[in-house]
Structures are given as C-alpha cells and as structure tokens.
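Presented below is the structure to which this report refers.
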Amino acid sequence: MRPAFYDRPVVEVARELIGCVVSRDGCAGVIVESEAYHHSEPACHAFVGLTERTRVLFGPPGRAYVYRSYGIHACLNAVCEPPGVGAAVLIRALEPVEGVDLMRARRGLERVQDLCSGPGKLTQALGIWLEDNGCDLAAGPIVIERKPRRWRAPQVAASKRVGITKATELEWRFCAVGSRCLSRPAFSRA
DNA sequence: CATGGGATTGACT
DNA sequence: GTCAATCCCATGC
C-alpha cells in the first residue's frame, strides 16, 4: 500500500495489516499475526530516541524497518505514523501462499505451518535480511499489498505482545483467529 | 572502552 | 520444561 495507509495510529495499522500480503522476489504470504510498537512505551526500540539504529523508525511511514534479533535473526516491521514519530508494526507470522518450495529450501523444513510461523522464520523464508532496512514497501524489494478477496474480513483477536519484558500489559498483538501459522496461539478476542 | 541484554529459534533433558 | 547461539547497540565507568 501507499505511505498514506501507514500514516495513522500504529495500533490501527497493526490490526488492519492482518490479511494483507507480504511478498519478496516470488515468495509471498498472508499476514496472520502482527504487533504494534510506539516510541512512548519502553518495549519499542524507538523509546531511546533518535539514534543510528532507530533512524528508519523515525522516518517517513511505509518503509521497512529490519533489525537483527539476538545476533542471529532478522525481524521485519512496517514504519507507521508521521515522520518524527517512532512507531512500527512487527510482522510476526505469515500463511504461505506463493513460492512455498523456495521457502522450504531456505528453511530446510517441509511443513507449511513451520515456514513462516514466527518473526525470524518468515524473514528467512522470504530471503529478507538487513540490507532491506529502509526499503519502500510500495516499491520493493519487499512489497505489502491489500487483502485478497477471501481474506476481506478475517476475525481478529487482540492479546498481549510476545517476548518482551517491558510494557507487557498492552494488548497490541493481533492474530487471525483459527490460523495454523501463528507463532503462538491467540488468546483474548476483539 | 567494557559489558549486558535482547520484539528468537531449535535442540536437548 | 531449559538453554546456547551470536552480534550490534546503548549504557555506564
């Protein structure tokens, strides 16, 4: 989508990204899990302010923020809200729809539900790495597009974010109810 | 300049 | 259930 889609409150964008499609170089998947992060709360990388690492987070909406996690993995975010506001949606899980065999080769696994069911897994499956940091999500190489018809109105559950130690009370995680490709089961409903 | 800690995953007890 | 891998960044001395 165009930058205007992302130029809104990050929690709103996180919810609406459920059902949208992420693609890169022939591999694609439907977003089934997302989380919102905002510079006003300490779980967000942008909480520390503008640094070299957070430059993209504070930049224009509609760009990819890709960072290294635990020294090993890459995680993909969509930057939201106007320039000067550090906010992004972490893409946590996809349901594979295209390029499944290439994803299997990259992951070294067979089962479709194991290919993209986690933030580090989906970047490996799609070939996303740190070089993609800052790329325009409308122009690529990583592209996010509107929902396919069958995903028009997925039932979405809200719950607490996963894997963080600060601001754990916020229910800023969103899941497509019933998907078998979530990183963890969805709990509460919204 | 040294150090600690991750928005995780997969292998192992 | 526990735990190591691995490295960049932010913090503190």
Side-chain angles (χ1 to χ4, degrees), chain A residues 6 9-15 17-18 20 22 29 31-59 61 63-81 85-96 103-135 137 142 144 157-176 179-188:
Chain A
Y6 305 93
V10 65
V11 175
E12 195 177 313
V13 178
R15 175 183 289 270
L17 278 174
I18 300 297
C20 294
V22 180
I31 300 173
V32 292
E33 183 178 342
S34 67
E35 285 178 358
Y37 288 87
H38 187 271
H39 74 242
S40 61
E41 44 89 12
C44 183
H45 290 175
F47 185 71
V48 298
L50 181 59
T51 65
E52 181 56 29
R53 184 194 196 193
T54 61
R55 192 180 74 252
V56 173
L57 275 174
F58 282 98
R63 306 281 182 86
Y65 167 55
V66 182
Y67 70 93
R68 185 193 304 277
S69 173
Y70 289 90
I72 304 170
H73 308 288
C75 290
L76 170 66
N77 297 252
V79 175
C80 294
E81 308 208 18
V85 179
V89 175
L90 171 67
I91 310 300
R92 284 194 57 90
L94 308 176
E95 200 165 300
M103 292 185 189
R104 285 190 172 113
R106 285 174 172 150
R107 296 272 299 127
L109 294 167
E110 287 301 311
R111 303 189 330 165
V112 171
Q113 63 267 39
D114 294 333
L115 298 177
C116 298
S117 53
K121 297 178 184 179
L122 70 92
T123 54
Q124 185 184 18
L126 268 60
I128 293 169
W129 195 233
L130 304 183
E131 290 77 20
D132 291 318
N133 190 37
C135 103
L137 291 171
I142 305 168
I144 301 183
S159 56
K160 294 178 179 178
R161 295 178 293 181
V162 173
I164 55 171
T165 58
K166 301 165 202 159
T168 54
E169 72 286 354
L170 298 173
E171 299 210 331
W172 284 4
R173 175 184 180 228
F174 300 97
C175 296
S179 173
R180 286 167 296 178
C181 296
L182 301 176
S183 69
R184 313 185 62 119
F187 293 117
S188 63

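To find a chain, count down the sequence lines: A is the first, B the second, and so on, and within it residues start at 1. These numbers come from a predicted model, not from an experiment.
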> Quick one: is Arg92(A) getting a side-chain N or O under 4.0 Å of the dT8(B) phosphate, OP1 or OP2?
Replying inline: yes
>> So Arg107(A), base contact, sugar-phosphate only, or nothing? Heavy-atom distance under 4.0 Å.
In response: sugar-phosphate
>> Base, sugar-phosphate or nothing for Ile164(A)? Non-hydrogen atoms, less than 4.0 Å.
In response: sugar-phosphate
> Between Asp114(A) and Lys166(A), which is nearer to the 5' end of DNA chain B once each is assigned its nearest nucleotide?
Replying inline: Lys166(A)
> In whole angstroms, how far is the P atom of dT8(B) from the NE2 atom of His45(A)?
Replying inline: 9 Å
> Is a side-chain donor-acceptor pair under 3.5 Å present for Ser179(A) with Glu95(A)?
Replying inline: yes
> Expressed in angstrom and rounded to an integer, what is the separation of Phe174(A) atom CZ from dA7(B) atom C1'?
Replying inline: 15 Å
> Mind checking the P distance from dT11(C) to dA7(B)? Whole angstroms is fine.
Replying inline: 13 Å
>> Using whole Å, what does the distance between atom C1' of nucleotide dC3(C) and atom CD1 of Ile72(A) come to?
In response: 12 Å
> How is Thr51(A) classified with respect to the nucleic acid when contacts are heavy atoms under 4.0 Å: base, sugar-phosphate, or nothing?
Replying inline: sugar-phosphate
> Rounded to whole angstroms, how far apart are CG on Leu50(A) and P on dA10(C)?
Replying inline: 10 Å
>> Can you tell me if Arg184(A) has over 12 outside heavy atoms packed within less than 6.0 Å of its CZ?
In response: no
>> If I pick the C1' atom on dG5(B) and the same atom on dC3(C), what distance separates them, to the nearest angstrom?
In response: 16 Å
> Closest to the Lys121(A) side chain: dG10(B), dA7(B), dA10(C)?
Replying inline: dG10(B)
> If you measure only the distance, is there a donor-acceptor pair under 3.5 Å linking the side chains of Gln124(A) and Arg107(A)?
Replying inline: yes
>> Measure OH/Tyr65(A) against P/dC9(C) and give the value in whole Å, please.
In response: 10 Å
> Pro119(A) side chain: which of dG10(B), dA10(C), dT9(B) is closest?
Replying inline: dT9(B)
> Given atom CZ of Phe47(A) and atom C1' of dG5(B), what is their separation to the nearest angstrom?
Replying inline: 16 Å
>> Let me spell it out: for each of His73(A) and Leu130(A), pick the nucleotide of DNA chain C with the closest heavy atom. Which residue's pick is nearer the 5' end?
In response: His73(A)
> Ion pair present between Glu41(A) and Arg161(A), side-chain N to carboxylate O less than 4.0 angstrom?
Replying inline: yes
>> Only pairs with both distances under 3.5 Å count, Watson-Crick or wobble alike; so what is the partner of dT6(C) in this structure?
In response: none
> Do we count Tyr37(A) as stacking onto dA7(B) if the rule is ring centres under 5.5 Å and planes under 30°?
Replying inline: yes
> Is there a side-chain contact between Val89(A) and Tyr37(A) (heavy atoms, below 4.5 Å)?
Replying inline: no
>> Measure OH/Tyr70(A) against C1'/dC9(C) and give the value in whole Å, please.
In response: 15 Å
>> Under 6.0 Å between ring centres: does that hold for His45(A) and Tyr67(A)?
In response: yes
>> When the C1' atoms of dC8(C) and dG10(B) are compared, how many Å lie between them, rounded to an integer?
In response: 22 Å
> Between dA7(B) atom C1' and Leu170(A) atom CG, what is the distance in whole Å?
Replying inline: 13 Å
> Ignoring hydrogens and angles, are the base of dA7(B) and the side chain of Tyr67(A) linked by a donor-acceptor pair under 3.5 Å?
Replying inline: yes
